[in-house]
Protein chains: 2
Amino acid sequence: MDSKVFNLKTKLEVYKAMSGGANFADCPVRDVIQGINGKWSSLLVMALAEKPYRFGALRRLVPDISQRMLTQTLQELQRDGYVHREVFPTKPPSVEYSLTDLGRSMFVPLYQLVQWAELNHDAVREARAAFDASSQA
Amino acid sequence: MDSKVFNLKTKLEVYKAMSGGANFADCPVRDVIQGINGKWSSLLVMALAEKPYRFGALRRLVPDISQRMLTQTLQELQRDGYVHREVFPTKPPSVEYSLTDLGRSMFVPLYQLVQWAELNHDAVREARAAFDASSQA
DNA sequence: CAGGATCCCTCTAGATACTG
DNA sequence: CAGTATCTAGAGGGATCCTG
């Protein structure tokens, strides 16, 4: 491993940025991370990074999300400014979701993480298997 | 926003990588992401990226985590191969937690995301305020 | 010191049914 | 079509007590 990456900042500063220094629970960084941390949030952002989707299309794209969670997660993403919601006055009405500039900006580091996961999921699976094997002994 | 970043791959491929194609729920990428997704996981990885810590030191570093959640999250991180747990046979025993190579590797993209959050939390806060203001009208 | 075990509660998330 | 409303199971998470 290259260790230069850890010197981008003093490492304690890195942690303090995330812990919020004095007021931990109110740390803005943790606050923002939490918004992306949901079970479906990052998945929907990845989907919308491709192109705008309508509600029903998103449902079909993510078959194992419940309609409730889809609505809720999209609202949270919209509230945090990642997703734009546009209603078209058709009959019956159609609603299109798309990433905002902020959402596209957030997608960049998120995509890095997903790429990492794609490259390293074998290592993680092996680690789990090894851990489970040795812990039952 | 620079849109070149979205052409690293076909964007549908990006989503498919995360959705797992046919078998969505078993997608390895989603599986790995879930492991980092916990409320405390990323925070502890950030802390351990600075230097190894002992159990009690981590508790003091993250005052608002319960001892139960600290134990549990560290175990998960150890199981996934991000964290190494070393017991020193002192009296009373001391246990040191440190990042593995895999953990340090994962820290790289994670840190990118934290940096993004640090730079953009104002925009997120403003988006929330605007959303809340217009939704109560 | 570093946890394991237990109890309890909240809040999430899923299923189902209904509406503009 | 795109949601809201309601109910409920289960995970997340806190407090307390106990142990090697």
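Residue numbering restarts at 1 for every chain, and letters A, B, ... go by the order of the sequence lines. Just so you know, these numbers come straight off a predicted model, no measurement behind them.
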Under the 3.5 angstrom rule, does the side chain of [X] hit a backbone N or O of [Y] as a donor-acceptor pair?
| X | Y | answer |
| --- | --- | --- |
| A/Thr71 | A/Gln67 | yes |
| A/Arg104 | A/Leu99 | yes |
| A/Thr100 | A/Gly81 | yes |

Scan [X] against the nucleic acid and name what it touches under 4.0 Å (heavy atoms): base, sugar-phosphate only, or nothing.
| X | value |
| --- | --- |
| B/Gln75 | sugar-phosphate |
| A/Tyr97 | sugar-phosphate |
| A/Arg59 | nothing |

Are A/Val95 and B/Phe131 connected into the same hydrophobic cluster when the rule is that any two of I, L, V, M, F, W, Y join if their side-chain heavy atoms are below 4.5 Å apart?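 Each belongs to a different hydrophobic cluster.
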
Common cluster, A/Met69/A/Leu74, ILVMFWY with side-chain heavy-atom separation under 4.5 Å: yes

Outermost nucleotides of DNA chain C that come under 4.0 Å of a non-hydrogen atom of chain B: C/dC1 to C/dT6

Classify every nucleotide of nucleotides 8-20 of chain D by which part a protein heavy atom approaches to under 4.0 Å, writing B for the base, S for the sugar-phosphate alone and - for neither, in 5'-to-3' order. -----BBB----B

Are A/Tyr97 and A/Pro52 side-chain neighbours, meaning at least one heavy-atom pair lies under 4.5 Å? no

Listed partners of A/Thr73 passing side chain to side chain contact (heavy atoms under 4.5 Å, CB included), at least two apart: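 Partners of A/Thr73 under the side chain to side chain contact (heavy atoms under 4.5 Å, CB included) test: A/Trp40, A/Ser41, A/Leu44, A/Leu77.
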
